[in-house]
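Here is the structure we will look at.
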Amino acid sequence: MYQALYRACRPEVFEEILGQEHVVKILSHQLKTDTTSHAYLFCGTRGTGKTTTARILAKGLNCISPNEKGGPCGKCRNCQQIKEGTFIDVVEIDAASNNGVDNIRELRESVNYPPQIGRKKVYIIDEVHMLSPGAFNALLKTLEEPPENVVFILATTEPEKLLKTIQSRCMRLDFKRVPVSIILSGMKKIVEERGVNIEESALRLVANAADGSVRDGLSILDQVLSSGEKNLSRDDVLLYMGAVSEDFFIELTDLVSLKKTSDALILLDKALADGKEVKQIEKDWLSHYRNLLITKFIKNPEDLLNMSGDNIRKVREQSMHISIEEINDAILKLSKTINDSRYSTQSRVLLELAIVSISARDYRDTVEPRKKEPVKEVARPVEKTEKKEDPVKAESPVETPKEYVKKENKKAVLDGLEVENGKLAEVWQDVISAGEKEMGGSFTVVKTGTELERIDQMTFLVSCTSRFASMMAEQKRSFIEKFMTEKLNRPMRMNLELAEKKEEKGPDAEEVKKKAEDFLGMKITLE
């Protein structure tokens, strides 16, 4: 019968335990010097080896031929029976389903009987924090002064729920989360034994998803290996895990940052239509914002981020254009979304709400301006005083088609530009009319707050009276550029700038003085 990977690869001796060297050292020394405690409390998150270590300790207490370090051999009759769960002197109790006073009373009665086969009688109580208050009180005296040949091992993921009187009667050993590098090395051995070739970046993705839990990591690896393929890439692992690539989160974050809420919601819908998990996307998107934070402050973040050098470069470039305020707000909102999703059947709605909430806030004043790249232009027919450009929108590089740069076409191009620049108001009015017809009232701000300043060979300049008008024009960019391309019969890109505010000229002082003298009937002297 097939066994799950986390069961088949369960450590049987101390040397096989991953990432808990401090625990192994203490227990090995106690076994070697015969100074073991009468009660232990194993604390730590899921999948870190608490129950496994308890079983190995039980083997060490009953092993017929322990090794030179004091640990169990794992091969003798007693070790094999403990492994199979048939050793009569090792009793495992699930406190989640045996949490009543009567269960503990039965335990107290059985404690009085001496071991039948081994040297020690071992009681392993898993998830001990699930015991009722009455059961805890019934266990207290027995736990403090058990018979000579009895050892209690209590395991819990929530030690703070235990009574202080219970904790004080035990030797507490804390199991830490297993580092990704150690989980990764263990997985490499497993896939090599099974003759499967997995890219290291793909295997690291699995190890990182384990979140410090060896059992979780082996469960994910088991899912990936169940495909039956002998060669697996990172994309294959993402597919089997129900996750999406880093490019998806880069694009999603860009859309949210640029306030393109509708495009962001459509992108999410496509990912979910492809079978991706909502909760996995929430966690991975939160990790992406964490990656933006790390790359913003750390020069060489390779050791902290689980991604390729090319993806690190993309994330670093994106982090330059997103403010700390936006990253902070996104992390807080996504953290709340993840927590709320645990208790909701509508996780998708919560994620969509998070997208809308993040994109709704205006971070423009704190965003580092995007790096500008020069726009290639053949000629500029009218020289005007350059106005201060708005850092809200960076100009995108525009490649000039070859047919527009041929010498024989240069005069025709210049003549055409001069004609177009003579009809700026007419062209822009056509854009506004088409926008209102297609988008209705949402185009009103563009109508009242913008003006077409100049048409160049492959670009056109739009002046905005306010940052809000600039933002709205940016949201309508795709439509405006499409219409201008059709109108002028060549590819066009839009550049935006904020119009300089003109100071209103006040009334002349002498004029005011004269009117005041006429009204008051007296002479006024200005100092």
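All values below come from the heavy atoms of this structure, side chains included, with hydrogens, waters and symmetry mates left out. Fair warning: this is a prediction, and the values are worked out from it, not measured in the lab.
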Looking at residues at least two apart in the chain, or sitting in another chain, which of them share a ring pair (Phe, Tyr, Trp, His ring centres under 6.0 Å) with Tyr289? Trp285
Is there a side-chain contact between [X] and [Y] in this structure, where contact means two heavy atoms from C-beta onward sitting under 4.5 Å apart?
X      : Y      : value
Phe297 : Ile324 : yes
Leu292 : Arg316 : no
Arg46  : Arg215 : yes
Thr45  : Phe175 : no
Val315 : Phe249 : no
Asn231 : Val196 : no
Lys259 : Met471 : yes
Thr459 : Met492 : no

Determine whether the side chains of Asp254 and Ser257 contain a donor N or O and an acceptor N or O closer than 3.5 Å. no
Could you verify whether a donor N or O on one side chain and an acceptor N or O on the other, from Thr52 and Arg10, lie under 3.5 Å apart? yes
After noting the C-alpha distance and the side-chain angles of Lys314 and Asp247, does the key distance pass the salt bridge (charged side-chain N to carboxylate O under 4.0 Å, His left out) rule? CA-CA 9 Å; Lys314 293 178 182 177; Asp247 289 338; 3.1 Å; yes
Is the backbone of [Y] close enough, under 3.5 Å, to the side chain of [X] for a donor and an acceptor to pair up by distance?
X      : Y      : result
Ser185 : Ile182 : yes
Ser227 : Val224 : yes
Arg493 : Glu481 : no
Thr53  : Gly49  : yes
Ser213 : Ala210 : no

What distance do [X] atom [atom1] and [Y] atom [atom2] have between them, rounded to the nearest 0.5 Å?
X      : Y      : atom1 : atom2 : result
Leu218 : Met187 : CG    : CE    : 5.5 Å
Leu162 : His129 : CG    : NE2   : 8.5 Å
Lys260 : Leu265 : NZ    : CG    : 14.0 Å
Lys189 : Cys9   : NZ    : SG    : 11.5 Å
Thr51  : Asp126 : OG1   : CG    : 3.5 Å
Leu203 : Leu221 : CG    : CG    : 6.5 Å

Tell me which one of Arg313, Lys296, His288 satisfies side-chain hydrogen bond (donor to acceptor under 3.5 Å, both in side chains) with Gln318. His288
The residue among Ser287, Ser347, Ser341 that forms side-chain hydrogen bond (donor to acceptor under 3.5 Å, both in side chains) with Glu282 is Ser341
Residues 471-491 vs ring-ring contact (aromatic ring centres under 6.0 Å, His included), sequence neighbours excluded, gives Phe443-Phe479
Is it true that [X] and [Y] have a side-chain N and a carboxylate O under 4.0 angstrom from each other?
X      : Y      : result
Arg7   : Asp222 : no
Arg342 : Asp340 : no
Lys188 : Glu192 : no

Residues in salt bridge (charged side-chain N to carboxylate O under 4.0 Å, His left out) with Lys161, at least two apart? Glu158
Surrounding CD of Gln475 (heavy atoms of other residues, nucleotides or ligands, distance under 6.0 Å), is the total greater than 12? yes
Nearest heavy-atom neighbours spanning Cys464 and Thr450: SG-CG2, 4.0 Å
Pair Glu199, Leu232 - check side chain to side chain contact (heavy atoms under 4.5 Å, CB included), show working. CA-CA 7 Å; Glu199 293 179 3; Leu232 293 164; over 6 Å; no
